[in-house]
There are 2 protein chains.
Amino acid sequence: MLRQAFFSVNAQSVKQVETSAQVSGSQGKSQGRRTTIYDIAELAGTSPSAVSAILNGSWKKRRIAETTAQRVIDIAEAEGYARNLQASALRSDRSNVIGMIMPKYDNRYFGAIAEQFEAKARARGLFPVITCTERDPELEVAAAREMIGYRVDCIIATGATDPDRITRTAAAAGIRTLNLDLPGREAPSVISDNYNGARELALLLLDRIGPASGPLLFVGGRGTDHNTAERIRGVRDAHEARGLALPESHVLTCGYASDKAQSALDTLAFDVPEALFVNSTISLEGVVRWMRSNGQTLPFGCFDWDPFAALLEENVGMVKQDVTALVSTIFDRLDEPSGEADVIQIPCILCTE
Amino acid sequence: MLRQAFFSVNAQSVKQVETSAQVSGSQGKSQGRRTTIYDIAELAGTSPSAVSAILNGSWKKRRIAETTAQRVIDIAEAEGYARNLQASALRSDRSNVIGMIMPKYDNRYFGAIAEQFEAKARARGLFPVITCTERDPELEVAAAREMIGYRVDCIIATGATDPDRITRTAAAAGIRTLNLDLPGREAPSVISDNYNGARELALLLLDRIGPASGPLLFVGGRGTDHNTAERIRGVRDAHEARGLALPESHVLTCGYASDKAQSALDTLAFDVPEALFVNSTISLEGVVRWMRSNGQTLPFGCFDWDPFAALLEENVGMVKQDVTALVSTIFDRLDEPSGEADVIQIPCILCTE
DNA sequence: CTGAAAGCGCTTACAG
DNA sequence: CTGAAAGCGCTTACAG
């Protein structure tokens, strides 16, 4: 670990830092109180009420003189005024913060959801706040409680293990909840059409390996979660459509961690089938690692898309969830009046490469 | 798009939703005011001050009767009380929120930083808040301003285009700033040792293609950003160490988007060199797409690691940045007294597979 | 040892 | 049309 003055490693600029330390040191606390609307009111020769209205944009209805408004805005700028949004939220009972709870950031699906959620939230004038809870049910409610404490306007529970618990906790504080990716019974949900996505991908795989070839091996996910259950149902129906059966032994719901998938394959009690249906890119990491270390090159399909996994030679197809539609639909549901606790399903896109 | 009652698609559970709509409707607003410390004080027959102390944990120093404390805690629980953290922060001038600004969520490096940042923040009793700014300098300061408005205790600017602007904006409100991944001159920074990581990877590539083979092609990144400049310097020095020169024409700093990398290769004015040094997994996406559509299989090395890209046949090596060390070092710097604006560099890990 | 009171920085009906 | 005043839900010195 190297420790050095700024850019000193860089041959291009050996210049030393001069002001920085003092600057950051002298600002803030030592400079005394932060500027408030009272300071600005005094400076501008008007009332705090007027300043408040001008600075939060509600002044058009207040018929405040254009010149006063401009003066106040200029002074605020010059003073480096930053409205205290906590105080504002406390008083007005609207935080303008929208929270999202997310399991992980380790795949493109959740990453894309996070980015689009933030963009859409900002477009509505809301401040987006995301927190990731590692698929841990306790952490999920703890994070929800925290967001409730900060009085967010709404919580979107993405891929939550127990969305209904979050909904009930939030409801007790008068805060709405919406479910994304994994459905709940007590709040509106938007999820992918897992059944049809999985069914199409399974048909593609079965037709690739040919009619005489046995059943697929399903790898990954939690047997208890709604999406995995639906995908298994889709895979099973695809088998049936081709006159095959999917035995229980061929369904390895070993969880989402990649090691789990790898060791599930290592300890398989029978010959590995001719093609694999992998239930997430995370599980796929373990599957491909297992193939590489066992000299196998089995065709696979994966529910969820990743740009590099798509380029692997064994890849037959990937199901890409329609993040744009998912996120925009969840924002539409924010506007629904009462909030029927039904679920909207969004079709997936099958990417064959 | 299907819209349906919960689970009605699912053959396993056709049960209809009964209570949900009413439950979420009757809670909150319609139920009247949310519970406050005054309500609880009345219920418990004690003072709001005592309730406040008990519920925020400061009561040990206040020698409050064990029984009173327990009674208050039970009542709070029963009433579904959620402390208003805004009010608490406003009064105590400590929000206990720590903010992070992040460019994107579309690669494993930033995803891992986000997860570890959150874990470490929670371990310190801080509420982590991340917001992603799409490499847009204006959005970066806008997001910083927003966080300042909510009076976060500290902002960590990760991979920021103009960290110093964020530092100055925050300093005006008395809020500290720390830089991660990309350094600034006006706040403490923690970054990867880009020079040595790039140099080692370039040596690996050069030795792979052999002594007679020409220079590498450097693809991706912004010429203006510190990390890219350092990596180019490392690649250049590696060439020199092998008695080669890296011509300017072989440095394609075409930005971070994958399309940019692809079209930079498409419009290359000379024959493509024998191996590529790719300056991020995002650029690598475009590079590999270009190779696939041009029937090329050039060995590449990439600065940044991705589990699937690592398995591509053309991959020679990937530089994995040490996220654990980066994040724990940035939290160490949070504890430093004044805040020297120097930069600490963390060595990278070269993954050859 | 405990509670009453002031005040954090805003917003917003309300009276002038 | 504008400003004084009350109050959002807490915390914390301070007096009893």
Side-chain angles (χ1 to χ4, degrees), chain A residues 29 32-69 71-72 76 79-97 148-153 173-175, chain B residues 29 32-69 71-72 76 79-97 148-153 173-175:
Chain A
K29 316 269 167 183
R33 280 168 45 263
R34 287 188 275 262
T35 313
T36 71
I37 52 171
Y38 292 90
D39 304 322
I40 294 176
E42 195 160 349
L43 256 26
T46 180
S47 72
S49 317
V51 174
S52 169
I54 291 163
L55 262 20
N56 70 23
S58 70
W59 64 284
K60 309 118 201 174
K61 4 179 184 171
R62 272 177 143 281
R63 316 269 269 86
I64 289 172
E66 192 70 43
T67 58
T68 313
R71 187 154 30 92
V72 165
E79 294 292 305
Y81 173 75
R83 185 153 60 109
N84 187 327
L85 268 14
Q86 284 169 167
S88 165
L90 177 61
R91 184 61 249 245
S92 67
D93 203 33
R94 274 223 78 196
S95 72
N96 281 313
V97 177
I148 292 163
Y150 289 105
R151 298 295 185 265
V152 300
D153 290 341
I175 291 173
Chain B
K29 318 266 166 183
R33 281 167 45 262
R34 287 188 273 262
T35 313
T36 71
I37 52 170
Y38 293 91
D39 305 321
I40 293 176
E42 195 160 349
L43 255 26
T46 181
S47 73
S49 316
V51 172
S52 169
I54 292 164
L55 262 21
N56 71 21
S58 70
W59 63 285
K60 307 119 202 175
K61 4 179 182 169
R62 272 177 144 278
R63 317 266 271 88
I64 288 172
E66 192 71 44
T67 58
T68 313
R71 188 153 31 93
V72 164
E79 293 292 304
Y81 173 76
R83 185 153 61 110
N84 188 327
L85 268 13
Q86 284 168 168
S88 165
L90 177 61
R91 185 59 249 246
S92 66
D93 203 34
R94 273 222 77 196
S95 71
N96 279 313
V97 177
I148 292 162
Y150 288 106
R151 298 292 186 269
V152 300
D153 290 340
I175 290 173

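Each chain gets a letter, A, B and so on, in the order the sequences are listed, and its residues count up from 1.
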Value in whole Å for how far the [atom2] atom of [N] lies from [atom1] of [X]:
X	N	atom1	atom2	result
A:Tyr150	D:dC10	OH	C1'	13 Å
B:Ile148	C:dG9	CD1	P	16 Å
A:Asp93	D:dA6	CG	P	21 Å
B:Ile37	D:dT12	CD1	C1'	12 Å
A:Arg94	D:dC8	CZ	P	19 Å
A:Arg91	C:dT11	CZ	C1'	5 Å
A:Leu55	C:dT11	CG	P	9 Å
B:Ile54	D:dT12	CD1	P	15 Å

Check this one for me: any side-chain N or O of [X] less than 4.0 Å away from OP1 or OP2 of [N]?
X	N	value
A:Ser92	D:dC8	no
B:Arg151	C:dG9	no
A:Tyr38	C:dG7	no
A:Asn56	C:dT11	yes
B:Ser47	C:dG3	yes

Next on the checklist: Please compare B:Pro48 and A:Arg83 by the position of their nearest nucleotide in DNA chain C and report the one closer to 5'.
Outcome noted: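 This one resolves to B:Pro48.
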
Next on the checklist: With nearest nucleotide decided by heavy atoms, which residue, A:Leu85 or B:Gly45, maps closer to the 5′ end of DNA chain C?
Outcome noted: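 Mapping each residue to its closest nucleotide by heavy atoms, the 5'-most match is B:Gly45.
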
[Y] and [X], any side-chain heavy atoms less than 4.5 Å apart:
X	Y	result
A:Arg34	B:Asp93	yes
B:Tyr81	B:Ile37	yes
A:Thr46	A:Val72	yes

Checklist entry - Just checking A:Ser52: base, sugar-phosphate only, or nothing, at a heavy-atom cut-off of under 4.0 Å? => result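 Result for A:Ser52 = base.
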
Next on the checklist: Quick check for you: among D:dG9, C:dC10, D:dT11, whose closest atom lies nearest to any side-chain atom of B:Ser88?
Outcome noted: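 That would be D:dT11.
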
Next on the checklist: Can you tell me which nucleotide in C:dC10, D:dG3, D:dG9 comes closest to the side chain of B:Asn84?
Outcome noted: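 Output: D:dG9.
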
Checklist entry - What are the two closest non-hydrogen atoms of A:Arg151 and A:Ser95, and how far apart are they? => result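 Answer, listing the atom of A:Arg151 first, then A:Ser95: O-OG, 2.8 Å.
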
Item to check | Distance-only donor-acceptor test, B:Ser49 side-chain atoms vs C:dA4 base atoms, 3.5 Å | outcome: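 Check passes, donor-acceptor contact within cut-off.
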
Item to check | Partner nucleotide, any strand, of D:dT2 [Watson-Crick/G-U, under 3.5 Å] | outcome: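 C:dA15 is the nucleotide pairing with D:dT2.
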
Next on the checklist: I'd like to know if the side chain of B:Arg71 reaches the main chain of B:Ala44, judged simply by a donor and an acceptor atom lying under 3.5 Å from each other, with no hydrogens or angles considered.
Outcome noted: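 Flag set: sc B:Arg71 to bb B:Ala44 pair under 3.5 Å.
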
